[in-house]
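Data block below; observations after.
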Amino acid sequence: MWKKSFLVFLFSLSVQKAALDCERLRKPNEFPSPSLHSQTETVMRGQNVSLSCFLQNISLEITYFLFRGEKCLQTQDGKGEPMTINLTVSEAHDLGPYKCKVQVANCSKYSHPFKFTFADPVTAPVLNISVIQTKTDRYITLRCISFNGSLPIDYIFFEKNITISPVISKDVRKPAELNITESNTAEVKEYRCKAKNRLPDRVKYSQPVIIPSTGGDCGPFCLQLLLPGLLLGLIVIILILAFWMLPKYKARKATKDSAPRVYGNTPMEAGIYANVCENQADKKPVPGLEPKQCASSAQDGAEYSQEIQYAAPVFQQVAPRDQENSNNSKGGYVYSELVF
């Protein structure tokens, strides 16, 4: 009987000692609550992340437990070393909540819950600029918007590489605006903007937009503004000319088609050329010269040939005429006749 009482006494002593140890460990400096954290709370779908559970007191033998909901994911014993677990956040249940439990002897404590959130990265923002020009000043309005990415989105405006605005946060899909008033200057201005949401290392910049100087020739900027108007005016002129000339062309073509067509020479001209050829054939050939062939214009029944060939002149000596002798003309003159 006394043995049983002694065993009960020993057990009660051990329980009391454990209670005293647990009470001692519950002091803030002896046994603080563990810390559960990750490098980022906002992740993209399918992103790999790491969770770390750590207890500041490095002199205790600690057992770590990591839970997602009620499910224990990992257990680890250590002394002065944190427990780290790698995760892939793909589905909604992978977001958490997560908790870390540390146990020393019979005492245990839990960390605060930790949960991830999904977010979509921003796309490159679009910067639009409107300018109102006066004689002395110009009023510039900058508008920057990213059409994709989880809200809220923070915008910052730059002139070249110098920040010219505070952070402008937008909880709705509307552009951030910045108004600038400056005096007319011959300096060319270049602006751009930056967009960023909760995802780290996902910053996007817009393409730079250049505002030309107000003095002198505006150069490429004016050409960029006037080019659409010039193209539109050219298209209108081409259409007007086309509609104005098309009826005239059709009328001229109809008149030309209705007029009678005459092919080749008339019958009288053909007869003249034929007689010339016949007369030339009756002439005697001149010694030393080859007779010139003459092309005849033969009628084929439907149209006349338009080919004409001219005879070469032939010179020969002839006797003076009577009329020339009566005019006291000297003898021995040489005359020529043109023989076809």
Side-chain angles (χ1 to χ4, degrees), residues 38-49 88-92 94-96 115-233 235:
S38 176
Q39 293 181 350
T40 177
E41 296 182 3
T42 306
V43 296
M44 295 185 297
R45 194 177 297 273
Q47 181 175 341
N48 295 324
V49 294
T88 299
V89 183
S90 300
E91 304 296 336
D94 295 329
L95 297 175
K115 188 174 183 180
F116 294 101
T117 56
F118 279 136
D120 297 323
V122 296
T123 55
V126 178
L127 178 62
N128 293 318
I129 298 180
S130 61
V131 181
I132 299 177
Q133 185 74 44
T134 62
K135 293 183 178 180
T136 57
D137 299 318
R138 60 181 177 181
Y139 303 92
I140 303 172
T141 300
L142 307 178
R143 296 182 178 88
C144 182
I145 183 172
S146 177
F147 293 101
N148 294 294
S150 299
L151 300 172
I153 299 177
D154 296 333
Y155 297 95
I156 299 178
F157 292 92
F158 299 87
E159 181 180 341
K160 292 187 178 179
N161 295 323
I162 301 175
T163 303
I164 59 174
S165 75
V167 176
I168 303 175
S169 184
K170 288 292 181 179
D171 295 327
V172 293
R173 195 75 63 183
K174 290 184 178 180
E177 293 188 5
L178 178 66
N179 296 315
I180 302 174
T181 302
E182 61 181 21
S183 59
N184 292 334
T185 176
E187 183 181 357
V188 176
K189 300 291 185 178
E190 179 181 306
Y191 297 97
R192 62 175 181 160
C193 65
K194 179 180 76 173
K196 179 181 179 297
N197 60 5
R198 294 170 295 171
L199 285 172
D201 302 328
R202 295 288 175 175
V203 178
K204 295 293 183 179
Y205 290 88
S206 69
Q207 293 293 329
V209 179
I210 297 176
I211 298 180
S213 61
T214 56
D217 186 14
C218 61
F221 186 76
C222 289
L223 182 61
Q224 183 180 2
L225 295 178
L226 294 177
L227 187 59
L230 293 176
L231 292 177
L232 182 60
I235 293 173

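Along the sequence shown, residues carry numbers from 1. As the structure is a computational prediction, the values presented were derived from the model and not from experiment.
The OG atom of Ser169 lies 10.5 Å from the NZ atom of Lys196; values are rounded to the nearest 0.5 Å. Atoms CD and CD1, from Glu177 and Ile145 in turn, are 10.5 Å apart once rounded to the nearest 0.5 Å. Taking CZ from Phe158 and SG from Cys144, the interatomic distance works out to 10.0 Å, rounded to the nearest 0.5 Å. Here Ile156 contributes atom CD1 and Ile164 contributes atom CD1; the two are 11.0 Å apart, rounded to the nearest 0.5 Å. To the nearest 0.5 Å, atoms CD1 (Ile153) and OG1 (Thr123) are separated by 7.5 Å. Here Thr42 contributes atom OG1 and Asp120 contributes atom CG; the two are 11.5 Å apart, rounded to the nearest 0.5 Å.
For Lys204, the NZ atom sits in a loose shell: 12 or fewer heavy atoms of surrounding residues, nucleotides or ligands are nearer than 6.0 Å. At most 12 heavy atoms of other shown residues, nucleotides or ligands fall within 6.0 angstrom of atom CD in Glu41. Around the CG atom of Leu231, the shell of radius 6.0 Å holds more than 12 heavy atoms that belong to other residues, nucleotides or ligands.
When all heavy atoms of Ala176 and Lys170 are compared, the pair lying nearest together is CA-CE, 3.9 Å. The minimum heavy-atom distance between Leu127 and Val209, with the atom names listed, is O-CG2, 3.8 Å. Nearest heavy-atom pair, Arg192 versus Pro208, reported as atom, atom and distance to 0.1 Å: CB-CA, 4.2 Å. Residue Ser165 comes nearest to Thr163 through the heavy atom pair O-CG2, 3.2 Å, listed as atom of the first residue, atom of the second, then distance. The two atoms that bring Thr141 and Asn179 nearest to each other are OG1-OD1, 3.1 Å, heavy atoms only. Taking all atoms of both residues into account, the shortest heavy-atom contact from Asn197 to Pro152 is CB-O, 3.3 Å.
Side chains of Thr40 and Arg198 form no contact here, defined as non-hydrogen atoms less than 4.5 Å apart. With contacts defined as side-chain heavy-atom distances shorter than 4.5 Å, the pair Glu187/Lys189 qualifies. Between Ile140 and Tyr191, some side-chain heavy-atom pair lies under the 4.5 Å cut-off. A heavy-atom distance below 4.5 Å is not found between the side chains of Asp171 and Leu151. Residues Ser130 and Arg143 form a side-chain contact, since some pair of their non-hydrogen atoms from C-beta on lies under 4.5 Å apart.
Among residue pairs with one or both ends in residues 144-154, none qualify as salt bridge (charged side-chain N to carboxylate O under 4.0 Å, His left out); sequence neighbours excluded.
Applying the salt bridge (Lys or Arg N to Asp or Glu O under 4.0 Å) test to Asp94 and every residue at least two apart in sequence or in another chain returns Arg68. For Ser150, there are no side chain to side chain donor-acceptor pair (under 3.5 Å) partners, not counting sequence neighbours.
Using a 3.5 Å distance cut-off with no hydrogens or angles, the side chains of Ser183 and Asp137 do not pair a donor with an acceptor.
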Handout entry: Candidate pair Leu95 and Thr117, rule side-chain contact (heavy atoms from CB on, under 4.5 Å), full reasoning
Key = CA-CA 6 Å; Leu95 297 175; Thr117 56; 5.7 Å; no

